[in-house]
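Taking it in order: structure first as structure tokens, then the write-up.
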Amino acid sequence: MSRNVIRVGDDYDVVIGDDAWDDLPGLVGERAQRVLVVRAPTLPGPAESVRRALAGAGLEVIDAAVPDAEQAKTAEVAAGLWSLMGQHGFTRTDVVVGLGGGATTDLAGFVAATWLRGVPVVQVPTTLLAMVDAAVGGKTGINTAEGKNLVGAFHPPVGVLADLTTLRTLPRADLVAGMAEVVKCGVIVDTTILELVERDPAAALDLDGPVLRELVERAVQVKADVVAQDLRESSLREILNYGHTFGHAIEQVEHYAWRHGEAVAVGMIYVAELALRAGLLGQADVDRHRAVLTSLGLPTTYADGQWDDLLTAMRRDKKTRGSLLRFVALDAIGSPTRLEGPSEQQLRAAYDAVAG
Ligand SMILES: NC(=O)c1ccc[n+]([C@@H]2O[C@H](COP(=O)([O-])OP(=O)(O)OC[C@H]3O[C@@H](n4cnc5c(N)ncnc54)[C@H](O)[C@@H]3O)[C@@H](O)[C@H]2O)c1
Ligand SMILES: O=C(O)C(=O)C[C@@H](O)[C@H](O)[C@H](O)COP(=O)(O)O
Ligand SMILES: [Zn+2]
């Protein structure tokens, strides 16, 4: 069994391993009596491994299967979990475990952030996207009718256990979607990620080879380095939002029928096209975005005819200040900057360039 541990600042460890369930009680710690396992409904195998590891350590396990995917990220589902915690007398030394993809870990983190004004959470991500991004860094949240992640809190986990064996049951489309956030880390910071994918995209998606593990470790390292410096997104952390202004707008317009990673892939093309028009990026860099995302099977276009709704959704992005639309953009691969207040004409022209 191999494992690697990446420390996030001085705060907590991200354990990346295979069949690493025995590490879970250690991450939960010795003060807990009860553990609420908030889990996606699709994961009987990992759910049983988690239950066994926790019960074996003498903990009372409260099992809470929540609705799948984005349907979990609602105020109603959160309220149901608060009731459950109340019924079980869940105290400040008890621990929430989030087991599933990013939607489940976002919900679990939010419930942990809000119960008794904050109880510990251990994240156990089971999708590639949650391993490299959602479970690390302490952004938690739910959606409202008006948009994505509009209610939430910064609440870092006390530990993260990314067991790579769980990826074996993940549908291929979800594995591919997770690669969008890996590529994001490559274009904003660690260009070796890009080179690894460009050299052999099939190897990047191969669960049996070494490349996927290296990509996971590199992407987690990018995220860990950024959030350790700027947990609350006062400035630097915004770079992790590359591609998300347009990406979140697609998700909302599509009523979450698009996977997050797919929408972020198109969002990265959109903002690269915008940067081209603003004179920040060259055509070769935009082409490189398209080539690497296409090589992994990610989408790079979005339907025509949705501009008004997309623009309305983009105005609700958290980086917006007043009426000033703000984007994370690149002025070179590996060099993020901000693009503030692009003209309507530039915004529209970039949309025309991604409209398929
Ligand atoms: N908090 C953050 O920093 C952050 C970062 C990135 C994304 N996110 C959020 O994460 C969510 C997207 O996460 P996601 O892509 O993991 O999607 P998801 O949580 O919807 O999971 C995708 C699907 O895979 C299933 N699944 C999960 N693990 C599985 C496994 N091992 N085997 C088989 N099926 C499995 C799920 O049940 C679901 O149907 C979005 O809500 C996004 O906003 C948050
Ligand atoms: O960790 C961050 O910061 C990110 O922006 C990572 C994103 O991949 C993630 O999708 C995040 O949930 C988006 O946050 P939001 O603040 O735009 O809702
Ligand atoms: Zn994201």
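All of these numbers come straight from a predicted model, not from anything done at the bench. Counting convention: from 1, in listed order, for ligands and their atoms alike.
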message: To check your reading of the model: name the closest protein heavy atom to atom 16 (O) of ligand 1, its residue, and the distance in Å.
response: Thr127 OG1, 2.6 Å
- prompt: Heavy-atom contact under 4.0 Å between His260 and ligand 2?
  reply: yes
field: For Ala69, atoms of ligand 1 separated by under 4.0 Å from a heavy atom
entry: 20 (O)
- prompt: Which residue holds the protein heavy atom closest to atom 14 (P) of ligand 1, what is that atom called, and what is the gap in Å?
  reply: Gly102 N, 3.5 Å
field: Protein residue, atom and distance nearest to atom 22 (C) of ligand 1, heavy-atom basis
entry: Asp174 OD1, 3.5 Å
- prompt: With only distance considered, is Lys148 within less than 3.5 Å of ligand 1 through an N or O on each side?
  reply: yes
message: For Val97, run the side-chain contact (heavy atoms from CB on, under 4.5 Å) check against Leu27, Val61, Val38, Val124 and tell me which one passes.
response: Val124
query: His248 near ligand 2, heavy-atom distance under 4.0 Å?
result: yes
message: Measuring from non-hydrogen atoms of Lys184 to any atom of ligand 2, is the shortest distance under 4.0 Å?
response: yes
- prompt: Just which atoms of ligand 1 are under 4.0 Å from any heavy atom in Lys223?
  reply: 3 (O)
field: Evaluation steps, side-chain hydrogen bond (donor to acceptor under 3.5 Å, both in side chains), between Arg213 and Ser2
entry: CA-CA 11 Å; Arg213 177 186 283 262; Ser2 69; 3.1 Å; yes
query: Does His248 come within less than 4.0 Å of ligand 1, judged by its heavy atoms?
result: no
message: Could you work out, for atom 2 (C) of ligand 1, the closest of Gly45, Ala134, Ala103, Pro171 by heavy-atom distance?
response: Ala134
task: For atom 30 (C) of ligand 1, find the nearest protein heavy atom and state the residue, atom name and distance (0.1 Å precision).
output: Leu43 CD2, 3.3 Å
- prompt: Is there any N or O on Thr42 that sits under 3.5 Å from an N or O of ligand 1?
  reply: yes
Distance-only polar pair, side chains of Glu70 and His255, donor-acceptor under 3.5 Å: no
message: Just checking: Glu181, one of its N/O/S atoms, less than 2.8 Å away from the Zn ion (ligand 3), yes or no?
response: yes
- prompt: Judging by distance only, is a nitrogen or oxygen of Lys148 under 3.5 angstrom from one on ligand 2?
  reply: no
query: Which residue and non-hydrogen atom of the protein lie closest to atom 28 (N) of ligand 1, and at what distance in Å?
result: Thr126 OG1, 2.7 Å
field: Any Lys73 heavy atom less than 4.0 Å from ligand 1
entry: yes
task: Name the closest protein heavy atom to atom 12 (O) of ligand 2, giving the residue it belongs to and the distance to 0.1 Å.
output: Asn149 ND2, 3.5 Å
task: Would you mind running through ligand 2 and noting each atom that sits below 4.0 Å from a heavy atom of Lys318?
output: 15 (P), 16 (O), 17 (O), 18 (O)
- prompt: Does any N/O atom on Arg237 come nearer than 3.5 Å to any N/O atom on ligand 2?
  reply: yes
task: Please confirm whether Thr169 comes within less than 3.5 Å of ligand 1 when only nitrogen or oxygen atoms on both sides are compared.
output: yes
query: Considering only heavy atoms of Thr166, which atoms of ligand 1 have at least one such atom less than 4.0 Å away?
result: 30 (C), 31 (N)
- prompt: Does the pair Asn149 and Lys73 meet the rule for a side-chain hydrogen bond (donor to acceptor under 3.5 Å, both in side chains), with working shown?
  reply: CA-CA 8 Å; Asn149 299 342; Lys73 289 176 61 170; 2.7 Å; yes
message: Counting only heavy atoms not in Arg348 (residues, nucleotides, ligands), do more than 12 fall under 6.0 Å from its CZ?
response: yes
statement: Check: of His244, Lys223, Lys139, Glu251, min heavy-atom distance to atom 9 (C) of ligand 2 comes from His244
query: Any chance the side chains of Gln346 and Tyr351 put a donor and an acceptor closer than 3.5 Å?
result: no
message: Show me which atoms of ligand 1 lie under 4.0 Å from any heavy atom of Glu70.
response: 40 (C), 41 (O)
task: Specify the protein heavy atom at minimum distance from atom 7 (C) of ligand 1: its residue, its atom name, and the distance to 0.1 Å.
output: Leu129 CD2, 3.4 Å
task: For Gln283, look at atom CD and say whether over 12 heavy atoms of other residues, nucleotides or ligands are found less than 6.0 Å away.
output: yes
From CA spacing to verdict: side-chain hydrogen bond (donor to acceptor under 3.5 Å, both in side chains), Thr166, Asp163: CA-CA 6 Å; Thr166 61; Asp163 192 317; 5.5 Å; no
More than 12 heavy atoms from other groups under 6.0 Å of CZ on Arg321: yes
query: What's the shortest distance from atom 35 (C) of ligand 1 to any protein heavy atom, and which residue and atom give it?
result: Leu170 CD1, 3.6 Å
statement: for atom 38 (C) of ligand 1, nearest protein heavy atom and its distance come out as Asp68 OD1, 3.4 Å
query: Would you call Arg277 and Glu273 a salt bridge, taking side-chain N to carboxylate O under 4.0 Å as the test?
result: yes
- prompt: Relative to ligand 2, is Glu238 under 4.0 angstrom through side chain, backbone, both or neither, heavy atoms considered?
  reply: neither
query: What about Asp106: any of its N or O atoms under 3.5 Å from an N or O on ligand 2?
result: no
query: Should the proximity of Asp133 to ligand 2, defined as any heavy atom under 4.0 Å, be assigned to the side chain, the backbone, both, or neither?
result: side chain
query: Would you say ligand 1 has an N or O under 3.5 Å from any N or O of Glu181?
result: no
